[in-house]
Amino acid sequence: MFKFNLNALKHYCHPHYVTNIILSLCYFVLKKTPHVCSALFDDCEMEMREWELLTFFGCVLVAKHRKQSEYNSTSDYIGTVFMFTKIISVVMFFRQSPVYALVYALLAILHLVCLPEPTYSGPESIVYFRGQSLEDEVVRGDKRVTWLVEFYAPWSPPCVKFAPTFSELSHKYHLDNLRFGKVDVSRYPQVAEKFNIDHSSWSKQLPTMIVFQNGKEKIRRPVCEGKKAFKFALNEENVIREMQLNDIYLQCKKNPLPKKRGKNQLEENGKAKAE
């Protein structure tokens, strides 16, 4: 537990989040700093309209928080908080002066360009398939190996956001007989069509995850009816539960693949049998 919290703290100490906090609190800090406030604003007290905006902002966050545990990751929720805070800050600065609002908006855009959200850079155990190699390895390959394959597109925001979670899961659950793979359906659309996955720009099926056991599809998320995909929460807890990863991991752990014997060991076994 301590390791998890320490890693999370380290993640959120990234300059992207630190500068986001500064930008989000900028208006309120300036308003409450005596000499700065008197130089920039006519009144250093919060106006009724500003309190109304803050109340509205609080209501939006409560609504988002209720959906966060079901549909979003913690990073997504924190990003939403920053986004709404900066929008309200622009409105408040504009009420004081359009020039202030313009300067603040430019700073926010500069922050977005120069300090983007950090991407996952940890370990992963993923096989990246190219076209026909997926069927050769997963469908017609070693039937003792269970595969969890993600069908994704690099232009899809849900796929981009889910990528770190899939990488972490691949590192955590990888075994010789439990492997993880990805295939880019924008480069290999024929693979998506083969597995009945809509890869169009308006598709609601990306990313699609499929568990293959004995070379056959066992579990698919999101569940689809034709081209209609039922909503599926792309967070670690839900993926583990819906894809039955814990059960599959224990099953594979109990039935490991036999270790390959080296040439010397085979020769020794042959001599022993001869004697």
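Ring orientation note: the planes of F41 and Y27 are tilted relative to one another, at an angle of 30° to 60°.
Looking at Q244 and I219, their side chains come closer than 4.5 Å, going by heavy atoms from C-beta outward. For the pair F166 and P207, the minimum side-chain heavy-atom distance is 4.5 Å or more. Within the 4.5 Å cutoff, no side-chain heavy atoms of E124 are placed close to those of H174. Under the 4.5 Å side-chain criterion, counting only non-hydrogen atoms from C-beta, F195 is in contact with L134. Taking the side chain as every heavy atom from C-beta outward, H111 and H16 approach each other to under 4.5 Å. Side chains of M209 and E242 form no contact here, defined as non-hydrogen atoms less than 4.5 Å apart. Taking the side chain as every heavy atom from C-beta outward, L206 and P158 never approach each other to under 4.5 Å. Looking at L23 and K86, their side chains come closer than 4.5 Å, going by heavy atoms from C-beta outward.
The structure places OH of Y104 at 10.5 Å from CE of M92, a figure rounded to the nearest 0.5 Å. In this structure, K182 NZ and C159 SG are separated by 8.0 Å, a value rounded to the nearest 0.5 Å. In this structure, I210 CD1 and I197 CD1 are separated by 4.5 Å, a value rounded to the nearest 0.5 Å. Between atom CZ of residue F151 and atom CG of residue D184 there is a gap of 12.0 Å, rounded to the nearest 0.5 Å. Atom CZ of R144 sits about 12.0 Å away from atom SG of C252, to the nearest 0.5 Å. If you take NZ on K254 and CG on L250, they are separated by 6.5 Å, rounding to the nearest 0.5 Å.
Enclosure of atom CZ in F56 is not indicated, since only 12 or fewer non-hydrogen atoms of other residues, nucleotides or ligands lie within 6.0 angstrom. In the displayed structure, K32 atom NZ is contacted under 6.0 Å by more than 12 heavy atoms of other residues, nucleotides or ligands. A 6.0 Å sphere centred on CG of D42 holds no more than 12 heavy atoms belonging to other residues, nucleotides or ligands. The number of heavy atoms from other shown groups lying within 6.0 Å of CD (Q190) is above 12. In R241, the CZ atom is crowded: over 12 heavy atoms of neighbouring residues, nucleotides or ligands sit closer than 6.0 Å. The number of heavy-atom neighbours closer than 6.0 Å to NZ of K253, taken from other residues, nucleotides and ligands shown, is 12 or below. More than 12 heavy atoms of other shown residues, nucleotides or ligands fall within 6.0 angstrom of atom CD in E52.
Between the side chain of N214 and the main chain of K216, no donor-acceptor pair closer than 3.5 Å is present. Put simply, the side chain of T208 gets close to the backbone of Q205: a donor and an acceptor are under 3.5 Å apart. Checking side-chain atoms of D176 against main-chain N and O of P256 turns up no donor-acceptor pair under 3.5 Å. At least one donor-acceptor pair closer than 3.5 Å links the side chain of Y100 to the backbone N or O of L40. Put simply, the side chain of N20 never gets that close to the backbone of F82: no donor and acceptor are under 3.5 Å apart. Remark: the backbone N or O of V29 is paired with a side-chain donor or acceptor of T33 at under 3.5 angstrom.
Residues V149 and Y173 do not share a hydrophobic cluster, defined by chaining ILVMFWY side chains whose heavy atoms lie under 4.5 Å apart. Under the 4.5 Å side-chain heavy-atom criterion for ILVMFWY residues, a single connected hydrophobic cluster contains both V99 and L30. The hydrophobic clustering, which links ILVMFWY residues whose side-chain heavy atoms are closer than 4.5 Å, places L234 and M243 together. Residues Y128 and L148 share a single hydrophobic cluster, defined by chaining ILVMFWY side chains whose heavy atoms lie under 4.5 Å apart. Taken together through direct or relayed side-chain contacts under 4.5 Å among Ile, Leu, Val, Met, Phe, Trp and Tyr, W147 and L245 form parts of separate hydrophobic clusters.
The two residues P222 and K204 make their nearest non-hydrogen contact at CG-O, 4.3 Å. Scanning both residues, S89 and S24, for their nearest heavy atoms gives OG-O, 3.8 Å. Here the shortest heavy-atom pairing between M46 and W51 reads CB-NE1, 3.3 Å. Pairing each heavy atom of S200 with each of W155, the nearest pair is O-CH2, 3.3 Å. Closest approach of L54 to F28, counting heavy atoms only: CD2-CZ, 3.6 Å. Between C26 and F93 the shortest heavy-atom distance is SG-CZ, 4.2 Å.
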Checklist line | Derivation and outcome, side chain to side chain contact (heavy atoms under 4.5 Å, CB included), residues Q96 and E47 | finding: CA-CA 11 Å; Q96 301 294 330; E47 301 175 7; 4.1 Å; yes

Item checked: From CA spacing to verdict: side chain to side chain contact (heavy atoms under 4.5 Å, CB included), T146, K218 -> CA-CA 10 Å; T146 297; K218 180 184 178 184; over 6 Å; no

Note to self: Let's go through F232 and F162 carefully: what are the C-alpha distance in whole Å and the side-chain angles of both, what is the deciding distance for ring pair (Phe, Tyr, Trp, His ring centres under 6.0 Å) to 0.1 Å, and is it a yes or a no?
What the structure shows: CA-CA 12 Å; F232 178 69; F162 181 65; 8.1 Å; no

Next item on the list: Please report the C-alpha distance between F129 and V191 in whole Å, then the side-chain angles of each, then the deciding distance to 0.1 Å, and finally whether the side chain to side chain contact (heavy atoms under 4.5 Å, CB included) criterion is met.
Entry: CA-CA 10 Å; F129 294 111; V191 177; over 6 Å; no

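The side chain to side chain contact (heavy atoms under 4.5 Å, CB included) test with I21 singles out one residue from V18, L25, T19, and that residue is L25.
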